[in-house]
Amino acid sequence: MMRRMSDLIISTLAERPELLDRIYDVAEEWPEFMDHDRVANALFYQVARLFPAYTIVATTRDGALVGRGRSVPFALQGRGELPDGGWDQVMLWAFRDLQGDVAPDAASALDITISTPFTGRGLSKEILAAMRHTVAAQGVRTLVAPVRPNQKHLQPQLSMQEYVAQTRADGLPVDPWLRTHVRAGGVIERVAPTSMTMVGSLAEWRAWTGLPFDRDGAVEVPQALVPVHCSLAHDYAVYVEPNVWVRHDLS
């Protein structure tokens, strides 16, 4: 699978294995607290190496890596509905299935990341389309995604259910990233209320955010989708991020 935009080349890492050691060349902007999900820290950085056919890379004509998308295959049948545990749970399923040599019947997108100078050019949409194509090419007919809505952080006090229910006059989601998935053929299934979890001491949260964390209860943190819960007595804060399950049928 090789897709060409006017000045970019989009392919799988399996087609371009020489890019494996450069997969993190993509300049990205994530809040520091997002680097402290323990499932991600244990497993995420193995995804490109173990699942190159499910990893998308986008380069300029001169070879600069400017975008990537990672997904993992897993067995959904027999496990019921898509899990409340979202991103973390599907990652655990995928690695468990790989170790157990379980045949996949689904794949889950994990991230689509665009280098900052290349945002706003439709590259995320192109990588999503490439991911749909390459997952189908593996004989897998369902792609799901625990989507992190990219404007939910502007309304942290609103529940994710209420946020997802917001639509435009044309019926499409208000959120741009959810809208991209729906336009690509995805269907919003349900909220994953405990998709990712970041736990740290109050000193760690102060270092991650620059905020004082000097009062009990909910603390609004820039770029967090919901408030972080702070406990002074127990010297910790925890952020439980909800995501939104979107299903893409590829048949």
Side-chain angles (χ1 to χ4, degrees), residues 1-5 8-24 26 39-40 42-59 65-83 85-114 123-148 177 180-189 192 195 243-251:
M1 179 220 74
M2 189 81 70
R3 301 166 67 95
R4 296 179 183 270
M5 297 175 68
L8 299 175
I9 300 171
I10 301 175
S11 59
T12 67
L13 187 60
E15 294 170 310
R16 303 184 68 188
E18 73 278 6
L19 295 176
L20 175 60
D21 292 338
R22 295 174 48 206
I23 195 73
Y24 301 108
V26 180
V39 173
L43 301 175
F44 196 24
Y45 297 101
Q46 303 178 57
V47 167
R49 177 176 59 85
L50 295 174
F51 305 104
Y54 291 84
T55 299
I56 305 299
V57 288
T59 64
L65 190 65
V66 298
R68 67 170 180 263
R70 285 171 285 184
S71 63
V72 287
F74 70 102
L76 180 57
Q77 187 173 7
R79 283 178 163 140
E81 64 181 4
L82 293 167
W87 197 99
D88 282 355
Q89 184 61 67
V90 80
M91 177 82 81
L92 293 170
W93 281 354
F95 276 77
R96 187 181 306 159
D97 290 348
L98 178 65
Q99 290 180 332
D101 198 26
V102 176
D105 57 28
S108 178
L110 297 176
D111 78 321
I112 292 178
T113 303
I114 309 301
L123 183 52
S124 294
K125 179 181 68 176
E126 294 295 332
I127 290 180
L128 176 59
M131 188 177 288
R132 286 169 52 101
H133 178 88
T134 194
V135 167
Q138 305 306 310
V140 173
R141 297 304 176 199
T142 300
L143 172 67
V144 296
V147 173
R148 186 179 202 265
W177 191 216
T180 295
H181 275 270
V182 171
R183 281 177 167 161
V187 175
I188 295 173
E189 293 263 307
S195 192
N243 291 161
V244 181
W245 278 117
V246 177
R247 180 189 296 265
H248 296 257
D249 291 322
L250 308 176
S251 56

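Because only heavy atoms are used, hydrogens play no part in the values below, and waters and symmetry mates are left out as well, while side chains stay in.
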> Salt-bridged, Asp111 to Arg148, with N to O below 4.0 Å?
Replying inline: no
What closest approach, in Å, do [X] and [Y] show between heavy atoms, and which atom pair accounts for it?
X: Leu65; Y: Ala58; value: CD1-O, 3.4 Å
X: Pro146; Y: Gly86; value: CB-C, 4.3 Å
X: Leu110; Y: Trp87; value: O-NE1, 2.9 Å
X: Ser124; Y: Ile114; value: OG-CG1, 3.3 Å
X: Leu76; Y: Ala106; value: CB-CB, 4.0 Å
X: His181; Y: Ala145; value: CE1-CB, 3.8 Å

Student check: side-chain heavy atoms of [X] and [Y] closer than 4.5 Å:
X: Thr12; Y: Pro52; value: no
X: Leu8; Y: Glu126; value: no
X: Arg16; Y: Thr59; value: yes

Backbone N/O of [Y] and side chain of [X]: donor-acceptor pair under 3.5 Å:
X: Asn243; Y: Ala192; result: no
X: Arg68; Y: Ile23; result: yes
X: Trp245; Y: Pro83; result: yes
X: Asp97; Y: Phe74; result: no

>> For Gln77, is the CD atom crowded, meaning more than 12 foreign heavy atoms sit under 6.0 Å from it?
In response: no
What's the spacing between [X] [atom1] and [Y] [atom2] if we round to 0.5 Å?
X: Leu50; Y: Tyr45; atom1: CG; atom2: OH; result: 15.0 Å
X: Glu15; Y: Thr55; atom1: CD; atom2: OG1; result: 11.5 Å
X: Ser71; Y: Leu128; atom1: OG; atom2: CG; result: 10.5 Å
X: Gln99; Y: Arg96; atom1: CD; atom2: CZ; result: 9.0 Å

>> Ring of Phe51, cation from Arg70 - is the NZ or CZ under 6.0 Å from the centre and inside 45° of the axis?
In response: no
> Are Ile188 and Val182 close enough, and set up right, to give a side-chain contact (heavy atoms from CB on, under 4.5 Å), and what steps lead you there?
Replying inline: CA-CA 8 Å; Ile188 295 173; Val182 171; 4.2 Å; yes
> Step by step, would you call Leu123 with Ile10 a side-chain contact (heavy atoms from CB on, under 4.5 Å)?
Replying inline: CA-CA 10 Å; Leu123 183 52; Ile10 301 175; 3.9 Å; yes
>> As a test of understanding, state which of Leu19, Val47, Thr134 forms a side-chain contact (heavy atoms from CB on, under 4.5 Å) with Leu13.
In response: Leu19
>> Is there a side-chain contact (heavy atoms from CB on, under 4.5 Å) between Asp105 and Thr142? Walk through the geometry before answering.
In response: CA-CA 7 Å; Asp105 57 28; Thr142 300; over 6 Å; no
>> Evaluate Val135 against His248 for side-chain contact (heavy atoms from CB on, under 4.5 Å), listing each step before the verdict.
In response: CA-CA 11 Å; Val135 167; His248 296 257; over 6 Å; no
